[in-house]
Amino acid sequence: DTEVTQTPKHLVMGMTNKKSLKCEQHMGHRAMYWYKQKAKKPPELMFVYSYEKLSINESVPSRFSPECPNSSLLNLHLHALQPEDSALYLCASSRRTRGEKLFFGSGTQLSVL
Amino acid sequence: DQQVKQNSPSLSVQEGRISILNCDYTNSMFDYFLWYKKYPAEGPTFLISISSIKDKNEDGRFTVFLNKSAKHLSLHIVPSQPGDSAVYFCAASASFGNEKLTFGTGTRLTIIP
């Protein structure tokens with residue numbers, strides 16, 4: 001199993017809603033990541049978890065709240081988002097955080113109205 | 001500060017010919033380099049990687065070349081096929097220091113049948 005599974009694939013939410021993005025991997029990877037990608041731009045790192053602990057937060061606004069319940073799961077809780085937060089949100093995992101390729105999920109296309 | 005740059009935003013190549021995608025980096029601490037392929041609204045798919053102890057790595061139709069003195073890497077695809085049409089990102093990381101994988105700006109490759 002070399003997959004990273006993300007749900008939902010598409011999400012439309014209002015600025016007052018609370019929603020969560022979910023990510024799962026069963027490759028035994030100990031590093032998991034959230035990236036944000038806008039059209040025609042490279043993926044932009046948001047958070048890195050290493051051994052279930054948050055190791056990097058790239059100065060992401062607090063309306064994005066990551067959670068790593070266990071080594072296979074990664075969530076991104078969304079609250080009071082802005083229309084400019086509309087983007088493709090990508091989850092990724094790797095064996096460890098350095099010198100390893102990342103496996104990406106297919107992403108959640110988020111639209112904030 | 002864009003530490004990984006892909007100066008060609010787009011490239012068109014005839015089917016069957018060689019596609020050459022280029023990438024330059026500025027951070028001399030980078031020692032692991034990767035190429036990813038991305039289709040719209042999907043997550044990036046890993047293609048090939050190279051460590052700084054090598055100058056060439058081959059996998060089927062894909063070859064990556066690394067020139068450390070020039071801080072330059074390239075991806076060669078031979079022969080190019082219509083299914084290769086996608087956006088290609090190079091990425092780099094350092095074994096020491098920040099765990100972050102830094103992506104280039106991407107090159108859109110179009111294979112002309």
TODO: Using non-hydrogen atoms and a 4.5 Å limit, figure out which bit of B:Y36 sits close to chain A: side chain, backbone, both or neither.
DONE: side chain
Open item on the list: Would you say CZ of B:R17 has more than 12 non-hydrogen atoms from neighbouring residues, nucleotides or ligands within 6.0 angstrom?
Closed with: no
Open item on the list: Do B:L34 and A:E100 have side chains that approach each other closer than 4.5 Å (heavy atoms only, starting at C-beta)?
Closed with: no
Open item on the list: Please determine whether residues B:V87 and B:W35 belong to a single hydrophobic cluster, defined as Ile, Leu, Val, Met, Phe, Trp and Tyr linked transitively by side-chain heavy-atom distances below 4.5 Å.
Closed with: no
Task: Spatial distance of atom CD (B:E42) from atom CD (A:Q37) [nearest 0.5 Å] - done: 11.5 Å
- [ ] Kindly work out whether a path of hydrophobic side-chain contacts (I/L/V/M/F/W/Y, heavy atoms less than 4.5 Å apart) joins B:I20 to B:I50.
- [x] no
Open item on the list: Would you say CZ of A:R95 has more than 12 non-hydrogen atoms from neighbouring residues, nucleotides or ligands within 6.0 angstrom?
Closed with: no
Open item on the list: Can you tell me which of A:A92, A:G105, A:P42 forms the most heavy-atom pairs within a distance under 4.5 Å of chain B?
Closed with: A:P42
Open item on the list: Within the supplied structure, the quantity of interest is the number of heavy atoms (other residues, nucleotides, ligands) at a distance under 6.0 Å from B:K54 NZ; does it exceed 12?
Closed with: no
- [ ] Search all heavy atoms of A:F104 against all heavy atoms of B:P44 and return the closest pair with its distance.
- [x] CB-O, 3.4 Å
Open item on the list: I want to check something: taking the side chain as every heavy atom from C-beta on, are B:L101 and A:L45 in contact at a cut-off of under 4.5 Å?
Closed with: no
Task: Other residues, nucleotides, ligands: >12 heavy atoms within 6.0 Å of B:K68 NZ - done: yes
Open item on the list: Between A:K101 and chain B, with a heavy-atom cut-off of 4.5 Å, which part of the residue counts as in contact: side chain, backbone, both or neither?
Closed with: both
- [ ] Output the distance between atom OG (B:S93) and atom CG (A:L102), rounded to the nearest 0.5 Å.
- [x] 9.0 Å
